[in-house]
Every structure is written in structure tokens, then in C-alpha cells.
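All heavy atoms count here, side chains included; hydrogens, waters and symmetry mates do not.
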Amino acid sequence: MSRHRDFAGGNYDDYYDDYDYDDEYGEYDDAPVATPKAKKKSKAKAKAAPVPKPLTPKPKPPTPKPKPAPQPPVAPPPGFASPSSPLTPSVAAPPPRRATLVLLGHVDAGKSTLSGRLLLALGSAAAPRTGKHNLAWLTDEDPGERDRGVTVELSRRTARLAGGMRLDLVDAPGHRDFVPAAIRGASCADVACLVVDAAPGRFESGFAAPGAAEDKEGASSRRRGQTREHALLARAAGVDRMVVAVNKMDGTEPVWSQQRFVEIQRIMAPFLRSMGYGKKKAIFVPLSALTGDGVANRLDAALAPWYAGPTLLEALGAAAALVPPKDTEGSLRLAVSEVFSEGKTVTVAAHVLRGTVRTADRLSVHPLGDRCTVHRLGRPDMDGAGGSAPISAATAGEPVEIALVGLDDASRVSPGHVLCRVGDGAPVPTTSRVRARVAVLEGQAVPLVAGAACGSHAQSA
């Protein structure tokens with residue numbers, strides 16, 4: 001009988017009934033296969049033989065290893081100065097972050113007084129003597145400025161914020177005759193503080209409200225103020241963050257008037273928004289620079305119960321924290337703003353845009369291509385001591401005075417020129433054609449048409 005059958009639909013019982021087990025395996029017996037000697041069926045169960053337990057040897061106690069003899073400390077190789085591990089390279093601590101703040105605004109808005117108050121609050125100036133102008137004199141040190149009560153030149157100071165960030169504070173003049181100095185201050189700034197005067201009639205003279213009266217020449221008073229122009233200059237210089245300090249709130253009617261603060265904010269906010277300063281990029285802070293209320297300390301609820309926002313220092317610190325770190329390792333770029341001639345030495349005031357400049361560096365002047373050597377570096381009057389403090393290096397974001405030797409004539413370097421290090425990658429590119437977006441300021445009497453001749457001021461006034 002064949003064992004290979006197709007059982008599709010068949011009966012398995014027929015297969016097992018027909019299959020002859022005795023023919024293939026012999027007589028089938030129910031006895032267990034494991035006991036072939038038992039011929040008779042037994043009901044008693046066979047006892048299983050006990051399984052012997054494996055003999056596990058007792059573990060021997062570990063042999064103590066001899067302690068190595070103490071070795072003298074090995075000096076780490078150069079560049080691996082970590083005391084914890086000779087294979088951990090020593091990494092120099094990154095330089096503290098820094099930001100440059102410029103104070104802008106209309107003349108007599110209180111910029112110099114606010115600058116002195118900020119330096120006093122940050123511990124970078126001693127408390128002044130009693131008097132009307134002593135706070136302003138912390139930055140206006142020139143006798144002519146003190147006599148006239150008007151800032152003429154840029155004033156630079158340095159301070160540190162609560163988080164350790166270094167803040168370079170630049171007080172710019174507000175008079176329209178000194179707009180070139182304001183341009184120089186805005187060109188090196190990361191954050192702008194636009195100071196406005198909240199006293200009755202003072203805000204309108206610097207930033208006229210819609211429908212302002214015209215003067216005898218028919219020009220609107222808004223065209224004579226510098227608040228709008230300084231805001232435009234800051235935006236054109238690439239300053240991305242702005243804090244509006246609504247000063248002299250103690251001189252409003254009534255004092256610390258919420259209605260006056262809201263009115264100034266309502267007028268200025270659309271103008272700043274049109275230039276790209278939205279709600280997150282332009283913050284309004286009420287304060288009094290003369291008394292210090294709202295500058296470093298929170299406003300008393302008795303003065304302004306309607307304001308619960310940040311102080312001026314808190315707003316400036318938040319804006320400065322958003323400034324990206326400076327590129328101190330890239331190819332050197334120095335923007336020249338002023339030039340002084342001292343015999344065979346040419347001294348330039350410049351702003352380090354990128355990289356690091358050191359004494360004895362070989363530089364090239366662009367676009368002319370003349371070469372010179374750094375003889376001396378100085379930090380220009382950042383602490384109110386006058387002159388410049390000698391330094392060995394200046395990094396990106398810092399203003400610096402550089403004494404150059406090797407130039408045949410001082411006229412070979414001018415404001416707006418760029419200094420690069422010789423052999424430090426590709427120099428700044430030079431071209432004869434540029435494409436620019438131009439912002440036309442208010443008061444432009446002559447229309448700008450194709451073919452009109454105009455002057456260009458790069459990195460300076």
C-alpha cells in the first residue's frame with residue numbers, strides 16, 4: 001500500500017485503519033519502550049533515579065594585586081594644560097560678549113543726563129556733585145560743551161550689565177549742526193536708545209504730531225526736529241533694536257501722566273513700524289533721567305500705577321542680549337571714520353567690523369591698495385580719562401585708534417576706507433558700481449531723478 005495519497009476531502013481514519021503497523025515495525029505493544037525486559041504489564045510506576053547535584057568548587061578569594069609605586073606627575077604637553085587630564089586640551093575662556101549702545105534724539109531731550117544716570121547706575125562713574133548739569137558733565141567733559149549746554153562730539157564710555165555683558169555707551173549730539181557725529185555714532189551701534197522729551201510742547205518740537213503748525217518759512221516743525229531723522233539714521237546704519245526712552249515724565253501735566261505717555265506712543269509707534277521696528281523691536285519706557293525713576297529702579301506705584309513694564313536698564317539688557325556674537329576670527333575689516341596726521345605717523349579712528357587687529361600687523365588700505373604697519377593701538381576715551389589707553393589688540397565690535405607707519409602721505413587714507421590684513425584671505429572687494437536702497441528723509445526739496453549727482457558717505461559722515 002502506498003503511503004502517499006491525496007487526502008483532499010478524504011477520511012484520515014481510513015488511512016490509519018488500512019495501514020499495517022505489524023508488517024513494518026513488528027508486533028505493537030503498549031509496554032514502555034524504555035524498559036524492554038518487562039514483558040508483563042505492570043501497574044507500579046518506576047522510580048526515577050536521583051539526579052546527582054553538580055559539584056561546584058568553592059570560589060577562591062581574589063589575589064590582591066600589588067599597588068603600583070607612586071609616580072611623579074607628568075607635565076602635560078604644550079596645548080594640553082588641563083590639570084585633570086593630560087589629554088584634555090586647554091580651551092581659552094571666550095571673551096565676554098559686548099554690544100554698543102548709541103543714545104540719539106532731539107537736542108535738549110536729556111541724552112547726556114541719561115548717559116550719566118546709566119553710568120552711575122552701572123557703577124562706571126562716581127556720584128556727581130549737586131548741581132543742575134553734573135549728570136550731563138559725566139559725558140560732556142569739554143569746557144565748550146559745558147558752557148553752551150550742547151553736546152558737540154561723540155562721547156564714549158564703557159560699562160558692564162548685570163549678566164556680565166560689556167556695554168559700550170555712545171552719547172551722540174542732537175543738534176542738527178552736528179548730524180555727521182550722530183551718523184558716526186549710529187554706524188558702530190548694535191542697539192539704539194531714542195530719547196524723547198515728554199514735557200508739554202517739547203515732544204512736538206522734535207517729532208511733530210499730525211497737523212503741526214508751520215513756521216514763518218512755511219516749513220512744518222516736524223522737519224526742524226531731529227527725532228525722526230535720528231530714527232531714520234539708526235535704521236539706515238543697520239541698528240536692529242531700539243528702546244524709546246520717554247524722558248522728563250516728571251515734567252508732564254499732571255506729573256507722570258499716563259495720557260501723555262500713551263499719546264507719544266500712539267504717534268511714534270506707526271512711524272517706527274514703517275521702518276521695521278515692530279512691537280518686539282521697539283520698546284517704550286517712561287522715566288526721568290534727572291531723578292532716576294524708571295532707569296534702574298522700578299517705578300513707585302504712587303508715581304505711575306498704570307505702568308508695570310521693564311525699567312530702562314532691563315529693556316536695554318534684553319535688547320543687547322539679542323545681538324549676535326561678533327566674528328573675532330574672520331578676515332580683518334577696519335572701517336576708518338577719522339584721520340589725524342602726526343608727523344610721519346598717521347593716526348586713524350576706526351571701528352573693527354570683523355576679526356582682530358594687533359600691534360605690528362601689516363595692513364592694506366582699500367580701495368587704493370597702499371600698505372602700512374600698525375605702530376600703536378589705543379582705545380579712544382572709553383573711561384572718561386581723556387586721550388586713549390594703549391592696548392595690544394582690538395577685536396570685532398570695538399572702536400580703536402591706530403597709529404600707522406609706512407604711508408607716504410596722510411591723504412592716502414580717508415574716512416570710509418577699509419583696512420585689511422596683508423595675507424589674511426581675500427581683501428575687501430572693490431567695484432565701481434553698487435545697487436543701493438535709498439531712504440529719502442523728510443524735507444527733501446529737490447526730487448531725486450535719474451541722472452542727479454549725489455555724494456556717498458561710507459562708514460562715516
Side-chain angles (χ1 to χ4, degrees), residues 102-107 109 152 154 170 172-196 203-242 244 267-278 281-282 333 335-339 351 353 366-368 414-418 428-461:
V102 60
L103 276 80
L104 302 170
H106 190 58
V107 63
V152 177
L154 291 177
V170 180
H175 198 277
R176 59 182 177 181
D177 292 342
F178 310 116
V179 172
I183 296 176
R184 291 199 305 270
S187 64
C188 64
D190 301 303
V191 181
C193 180
L194 187 62
V195 185
V196 298
F203 169 70
E204 286 75 13
S205 65
F207 192 102
E214 295 184 348
D215 56 19
K216 294 181 180 180
E217 299 177 357
S220 175
S221 60
R222 73 179 66 185
R223 295 181 180 177
R224 291 183 283 110
Q226 297 300 305
T227 306
R228 284 174 175 260
E229 185 171 358
H230 281 200
L232 288 169
L233 292 178
R235 195 70 184 107
V239 181
D240 193 49
R241 301 282 169 177
M242 177 175 289
V244 182
I267 294 173
M268 291 195 63
F271 172 71
L272 296 177
R273 194 180 304 116
S274 66
M275 295 187 301
Y277 294 116
K281 294 187 177 182
R333 297 290 186 269
V336 179
S337 58
E338 295 181 85
V339 181
H351 188 75
L353 302 178
H366 293 271
L368 301 181
S414 303
H417 284 180
V418 179
V428 60
T430 303
T431 182
S432 59
R433 296 175 63 89
V434 296
R435 182 184 297 272
R437 174 182 290 180
V438 180
V440 181
L441 303 181
E442 291 184 348
Q444 177 71 23
V446 180
L448 190 64
V449 297
C454 57
S456 175
H457 303 275
Q459 298 293 345
S460 70

Task: Any donor-acceptor pair under 3.5 Å from His230 side chain to Gly105 backbone - done: yes
- [ ] List the atom of Leu104, the atom of Ala234, and the distance in Å for their closest heavy-atom pair.
- [x] CD1-CB, 3.9 Å
Task: Residues Thr227, Leu194; criterion side chain to side chain contact (heavy atoms under 4.5 Å, CB included); working and verdict - done: CA-CA 8 Å; Thr227 306; Leu194 187 62; 4.1 Å; yes
Open item on the list: Can you confirm whether Val418 sits close enough to Arg333 that some side-chain heavy atom of one is under 4.5 Å from a side-chain heavy atom of the other?
Closed with: yes
TODO: Go through the steps for His351 and Ser337 under the test side chain to side chain contact (heavy atoms under 4.5 Å, CB included), then give the verdict.
DONE: CA-CA 8 Å; His351 188 75; Ser337 58; over 6 Å; no
Task: Nearest heavy-atom neighbours spanning Ala186 and Ala237 - done: O-CB, 3.4 Å
- [ ] Measure the CD1-CG distance between Ile267 and Leu272 for me, rounded to the nearest 0.5 Å.
- [x] 12.0 Å
Task: Set of side chain to side chain contact (heavy atoms under 4.5 Å, CB included) partners for Arg235, sequence neighbours left out - done: Asp240, Met275, Tyr277
Open item on the list: I'd like to check the side-chain hydrogen bond (donor to acceptor under 3.5 Å, both in side chains) partners of His366; sequence neighbours left out, ordered by chain and number.
Closed with: Ser364
TODO: Please round to the nearest 0.5 Å and tell me the distance separating atom SG of Cys188 and atom CD1 of Ile183.
DONE: 12.5 Å
- [ ] Could you give me the CA-CA distance, side-chain angles and deciding distance for Val196 and Phe207, then say whether side chain to side chain contact (heavy atoms under 4.5 Å, CB included) is met?
- [x] CA-CA 9 Å; Val196 298; Phe207 192 102; 6.0 Å; no
- [ ] Show your working on side chain to side chain contact (heavy atoms under 4.5 Å, CB included) between Met268 and Val244 and close with a plain yes or no.
- [x] CA-CA 9 Å; Met268 291 195 63; Val244 182; 4.2 Å; yes
Task: Non-hydrogen atoms of Ala189 and Val102 that approach each other most closely - done: CB-CG1, 3.4 Å
